Amino acid sequence: MDILQINKLDNVAVALKDLAKGDIVSANDFTVTVQEDIPSGHKIALKNIAAGENIIKYSFPIGHADGAIAPGSHVHTHNLKTNLGSILSYEYNPVAPVALPVSNKTTFMGYKRENGTVGTRNNLWIVPTVNCVTSTVRYLEKIGRELIKNYANIDDCMGIVHPYGCSQIGTDYTMTQKILADIVNHPNAGAVLVVSLGCENNNLTEFKKVLGDYNPDRVKFMVTQEVEDEDITGRHLLEELAEFANRYKREQCPVSDLRIGLKCGGSDGFSGITANPLIGELSDLVIGSGGTTVLTEVPEMFGAETLLMNRAKNEETFHKTVDLINNFKAYFKRYNQPISDNPSPGNKKGGITTLEDKSLGCVQKGGHAQVVDVLSYGDTVQTAGLQLLNGPGNDSVSTTALAASGCQIILFSTGRGTPWGTIVPTVKIATNSRLAYYKAKWIDFNAGRLLDGTVMEKLRDDLWETILEIASGRQTKAEQMNFNEIAVWKDGVTE
């Protein structure tokens, strides 16, 4: 098969390999002669498309033709324009809930915490309140990694650095505090050392107001300006924290305790055909088994938002979803930026043309489950089921937001490839087999097998087995390479 018509309503197909001018290709009821060289992952017209006519893919418009397009022509940025640009009104047209699959694998080996949450890792984390102590935290991370070799039940010691914590005002300041507090309270952290400079805006007195209640055996603090030698004091505190964290041991936990983040980055023309639908099937399995998945990247819902809105469990959730979409569009307009300023250059090179094209592939990660809640940036999961989380498409910010929301694992589909990893296990899922083999150091799972003949249910079950192994301690490729960064969303003035 050379091309794929995803839905019989589509007037374009996707090239499954590089097509040369003069090739004759077929999909369903269409046979066309290729009019020009078309790269793999890009779109080819299946019939005459008039100027102004909508281009249909996934059975939905992904924009309109900017001039007449003949059958066999390359359909991309030169002749396809977005339909986006407005803040819209919506009506709630609920669809009936569908029956979701239930896993026959009911447990994984996790770490049960006293507050009822469960970790997939038992890490020792070092969290700075401000970027001024980044080098200190990195040095303490080295000390901690040597120290934990003496403790059988601690998986890793990680310094979690960021560029903020001072000279911030308004929402930027409060959001930095909120994300850092979420990280300190995360179930993947068995114990946490919070390191402060002492004179920053986000000093310990202020940060503790946001942090809330904490166990002083699990969370300890150090103000570097107030100790004679921060390395000696830090080592002593890390030893105490390691003693505490080592008390936890892996034990059987129900899969309903899993909270899994859903993310795509470096997407290509196969993202909406292989990896994202696969993640959607997996999301349905997790939710059908009592667990939770969280979908973010709000701009990559534009053009496909009604698919989510109409799955809202009730009108209240529907209106929260409308606000999620329209408030993010207003954010673009506040800075006089086009709502449709996406996809990225890499996305376009991989075959994605408009934001609608990208979004219709992106939202497939949410499967078919009802949307049960909408979370603000920095909020944490409070109920089981599919949730929508406010956050941008940016890989580093959105993965950090997913981790901060309480997700213990993130599924990250990619067609172009990325080595990025955040503070929770980040499972890279390739959209195509070439990437899976070419970047084996980055990729944990190959969804490209779907185009090689593996059926979806088999692929879903294989991915589920992989996730349960990772939840039970198997390292992801990003963990093996010690990639564990965060990024906090910034929207304001730096003093």
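Hydrogens, waters and symmetry mates play no part in the numbers below; they use all other heavy atoms, side chains included. Please read these numbers as outputs of a predicted model, since none were measured by experiment.
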Q: Kindly indicate whether a cation-pi arrangement holds for K47 with F30, taking the cut-offs as under 6.0 Å to the six-membered ring centre and within 45° of the axis.
A: no
Q | Minimum side-chain heavy-atom gap V294-L262 below 4.5 Å | A | no
Q: Indicate the ring-plane relationship of F302 and F332, choosing parallel, tilted or perpendicular according to the 30° and 60° boundaries.
A: perpendicular
Q.
Looking at N347 and S344, would you say the former's side chain and the latter's main chain have a donor-acceptor pair under 3.5 Å?
A. yes
Q. Ion pair present between D268 and K349, side-chain N to carboxylate O less than 4.0 angstrom?
A. no
Q. Below 6.0 angstrom between ring centroids: does that apply to W420 and F483?
A. no
(Q) Nearest 0.5 Å, please: how far is CG in L450 from CZ in R460? (A) 13.0 Å
Q) Between T82 and T354, does any side-chain donor sit less than 3.5 Å from a side-chain acceptor? A) no
(Q) So T107 and V255, do their side chains get closer than 4.5 Å, heavy atoms only? (A) no
Q) Side chains of D379 and S405: do they bring a donor and an acceptor to under 3.5 Å? A) no
Q: Check whether the side chains of T33 and D23 place a donor and an acceptor atom closer than 3.5 Å, and report yes or no.
A: no
Q | Test applied, salt bridge (charged side-chain N to carboxylate O under 4.0 Å, His left out); reference residue, D357; option that passes from K81, K348, K43 | A | K43
Q. For the atom pair CG (L9) and OH (Y58), what is the distance rounded to the nearest 0.5 Å?
A. 15.0 Å
Q.
Taking the side chain as everything from C-beta on, heavy atoms only, tell me whether V118 gets closer than 4.5 Å to R113.
A. no
**Q.** Close aromatic pair by centroid cut-off 6.0 Å: H76 and H74
**A.** yes
**Q.** Aromatic centroids of F445 and W464 separated by under 6.0 Å
**A.** no
(Q) Counting C-beta onward and ignoring hydrogens, is there a side-chain heavy-atom pair between V372 and T317 closer than 4.5 Å? (A) no
**Q.** salt_bridge(E465, K105) N-O dist < 4.0 Å
**A.** yes
Q | Y437 ring center near W442 ring center (under 6.0 Å) | A | no
Q | Nearest-0.5 Å distance that lies between atom CD1 in I44 and atom CD1 in I3 | A | 5.5 Å
**Q.** H162 and E485, any side-chain heavy atoms less than 4.5 Å apart
**A.** no
Q: Identify the two heavy atoms, one from G266 and one from D395, that lie closest to each other, and give their separation to 0.1 Å.
A: N-OD2, 4.3 Å
Q: Give me the one residue out of K365, K358, K263 that meets salt bridge (charged side-chain N to carboxylate O under 4.0 Å, His left out) with E300.
A: K358
Q: Could you grab the distance from atom OG of S73 to atom CD of Q35, nearest 0.5 Å is fine?
A: 5.5 Å
Q.
Counting only heavy atoms not in E91 (residues, nucleotides, ligands), do more than 12 fall under 6.0 Å from its CD?
A. no
**Q.** Cation-pi check, R334 onto Y331 ring (under 6.0 Å, within 45° of axis)
**A.** no
